[in-house]
Amino acid sequence: MIRSTTNGLLKSYRYNLMNSTNTLNHSINTVLTGKRFSSFADDPAAVSRSFQMRTSLLQLDSQHEVGQSTVRKYEIAWDALNRVGDDVKLAKDAILRAKNDPTASGLNALGQQLSQLADGIVQTMNTKFGENFVFAGADGLNPPFKMEGDKLTFRGIDVNSTDPKDIEALKYLTEKESKYVDIGLGLKEDGDKLNQSSAFNAALQGTTFLGYGVDKDGDPKNIVSIVKRMGNILQNEVNTNGSFKNEQVKEEFERLSKKFDEAYSKLSDKHTELDARTAFLKNNQKLLEGNSHSLQEQIVELENVDPADAITAYSWASYCYNAALKVGNNILSQSLMDYMNR
């Protein structure tokens, strides 16, 4: 028969009582917070998975915020081009009336209207989103277009310049300049260069829509310059009887009217392309939102406990703790008697 000493029994009791106390405290904390763990030591594997998921969620939220800002910018650009389209339609109507208006005063008035419409288009293309100009490409801090007399400039360069350096600069700004943003397309690099298919080019250059340069006849391709020139012709190159001052001017007006239609068609095509890119951004936003919701559900399943299970565990821990206290009363009483018998 093995006899347990009082000191040994007390030592064992204190150890088990401490375990019961810790278990009770943990169950209380679980019920109050609803979380499976409160420190890395509670469940290292689950904590590591939770950290990875929350990191991914933060990245998704950042991508969604960038995407939402880009969508808003494109919506403003789309609305601005709608207004430009309305002005161009008015210009087209004025040109048709000019071809059929027999009086000089009528032609002069239509010329003034065309000039005003050209100025209005420039103002619309200088639309801002927040502190940045929408159609300024990568340089959103400065207005992209400026009308200097009859000369239109984009980022300080004459859009109708025949200087090879200016033409090359306009080509780069219109076709190659970019401003890539991360909207959740799997951003990555190939060596020291960005993989362009893994990011979204959010830059919008006004010359993409309005055109730039001159054609083989020396006429401008930019629709604003075309409208402005036709307005000047009607105001300054018309006789008192309503006829053009010479055949060259008349031919130029007729030629520009055809090129106006070509520029208008190009503007419409680019507007449609912008609409498609906006739709892509919105669909991508929905995908990001779906991924975010899915990730949040996984985090909840990993970190949160079932309330019923947590309360059941607390009840059992409380029962065990109270039972341990009752046992302790018996042990402490026996220990006191043993002490007094010595």
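These numbers come from the heavy atoms of this one structure, side chains and all, not from hydrogens, waters or symmetry mates. For clarity, every value in this text was computed on a predicted model and none was experimentally measured.
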Side-chain touch L141/D139, heavy atoms, less than 4.5 angstrom: yes
Distance-only polar pair, side chains of T153 and D158, donor-acceptor under 3.5 Å: no
Separation of E251 CD from L256 CG (nearest 0.5 Å): 11.5 Å
Check: Q63 side chain, L288 main-chain N or O, donor-acceptor pair, under 3.5 Å: no
Flag, side chain of S69 to backbone of V66, donor-acceptor distance under 3.5 Å: no
Transitive ILVMFWY side-chain link L110 to Y264, under 4.5 Å: yes
Criterion salt bridge (charged side-chain N to carboxylate O under 4.0 Å, His left out) on K176 and E168, from CA distance to verdict: CA-CA 11 Å; K176 298 182 180 180; E168 188 63 26; 5.1 Å; no
Rounded distance (nearest 0.5 Å) linking atom CD of Q52 with atom CG of L57: 13.5 Å
Within-4.5 Å side-chain heavy-atom neighbours: L204 and F133: no
Greater than 12 external heavy atoms within 6.0 Å of E65's CD: no
Least distance between heavy atoms, A138 atom then S178 atom: CB-O, 4.1 Å
Rounded distance (nearest 0.5 Å) linking atom CZ of R49 with atom CD1 of I299: 11.0 Å
Minimum side-chain heavy-atom gap V159-P220 below 4.5 Å: no
F244/L234 under side-chain contact (heavy atoms from CB on, under 4.5 Å): CA gap, chis, key distance, verdict: CA-CA 8 Å; F244 290 99; L234 294 180; 4.3 Å; yes
Gap separating the CE atom of M53 from the CD atom of Q298, nearest 0.5 angstrom: 4.5 Å
Min side-chain heavy-atom separation I28-L24 under 4.5 Å: yes
Nearest non-hydrogen partners of A80 and T127, listed with the distance: CB-OG1, 4.0 Å
Exercise: identify the closest heavy-atom pair between G186 and S198: O-CB, 3.2 Å
Heavy-atom side-chain proximity of E254 to K99 below 4.5 angstrom: yes
Sidechain-backbone polar pair: S243 side chain, N239 backbone, donor-acceptor under 3.5 Å: no
Candidate pair T174 and T207, rule side chain to side chain donor-acceptor pair (under 3.5 Å), full reasoning: CA-CA 6 Å; T174 304; T207 46; 2.6 Å; yes
Hydrophobic cluster membership, V214 vs L170, 4.5 Å side-chain cutoff: no
Nearest heavy-atom neighbours spanning A98 and L107: O-CD2, 3.3 Å
Nearest heavy atoms of L187 and A199, plus distance in Å: CD1-CB, 3.7 Å
Check against side-chain contact (heavy atoms from CB on, under 4.5 Å), K259 and R255: CA-CA 6 Å; K259 293 177 180 180; R255 189 173 68 246; 3.8 Å; yes
Side-chain donor-acceptor pair present, Y180, Q196, cut-off under 3.5 Å: yes
I226 and M230, any side-chain heavy atoms less than 4.5 Å apart: yes
N/O donor-acceptor pair under 3.5 Å between S265 side chain and D261 backbone: no
Side-chain donor/acceptor of N284 to backbone N/O of F280, under 3.5 Å: no
same_hphob_cluster(V122, I157) at 4.5 Å side-chain heavy-atom cutoff: yes
Electrostatic pair E237-K250, nearest N-O below 4.0 angstrom: no
N246 side chain vs V249 backbone, donor-acceptor pair below 3.5 Å: yes
Common cluster, L302/V47, ILVMFWY with side-chain heavy-atom separation under 4.5 Å: no
Check: T208 side chain, Q205 main-chain N or O, donor-acceptor pair, under 3.5 Å: yes
Path from W78 to L81 over hydrophobic side-chain contacts below 4.5 Å: yes
NZ (K245) with more than 12 external heavy atoms under 6.0 Å: yes
More than 12 heavy atoms of other groups within 6.0 Å of E189 CD: yes
Pair S292, Q296: side-chain N/O donor-acceptor within cut-off below 3.5 Å: yes
Distance-only donor-acceptor check, side chains D163 and S161, under 3.5 Å: no
Side chain proximity check, N232 to Q235, heavy atoms < 4.5 angstrom: yes
Flag if over 12 foreign heavy atoms under 6.0 Å of NZ, K128: yes
Pair Q113-R97, side-chain contact (heavy atoms from CB on, under 4.5 Å): steps then yes or no: CA-CA 12 Å; Q113 181 183 1; R97 289 168 57 192; 4.2 Å; yes
S48 side chain vs P44 backbone, donor-acceptor pair below 3.5 Å: yes
Distance in Å, Y74 OH paired with F200 CZ, rounded so as to fall on 0.5 Å steps: 4.0 Å
Distance flag, aromatic centroids of Y212 and F154, threshold under 6.0 Å: no
Under 3.5 Å donor-acceptor, K221 side chain and N160 backbone: no
Other residues, nucleotides, ligands: >12 heavy atoms within 6.0 Å of K146 NZ: no
Salt-bridge present (E148, K151; N to O < 4.0 Å): yes
Cation-pi check, K270 onto F209 ring (under 6.0 Å, within 45° of axis): no
Point-to-point distance, once rounded to the nearest 0.5 Å, from NE2 of H64 to CG of L287: 10.5 Å
Chi angles and distances behind the salt bridge (charged side-chain N to carboxylate O under 4.0 Å, His left out) call for K282, E75: CA-CA 10 Å; K282 290 181 178 180; E75 287 177 339; 3.3 Å; yes
Nearest non-hydrogen partners of A118 and V227, listed with the distance: CB-CG1, 4.1 Å
Exam field: side chain D219 to backbone D215, donor-acceptor pair closer than 3.5 Å: no
D119/K228 salt bridge by N-O under 4.0 Å criterion: yes
side-chain contact (heavy atoms from CB on, under 4.5 Å) assessment of V88 paired with L117: CA-CA 8 Å; V88 172; L117 288 172; over 6 Å; no
Side-chain touch F145/L210, heavy atoms, less than 4.5 angstrom: yes
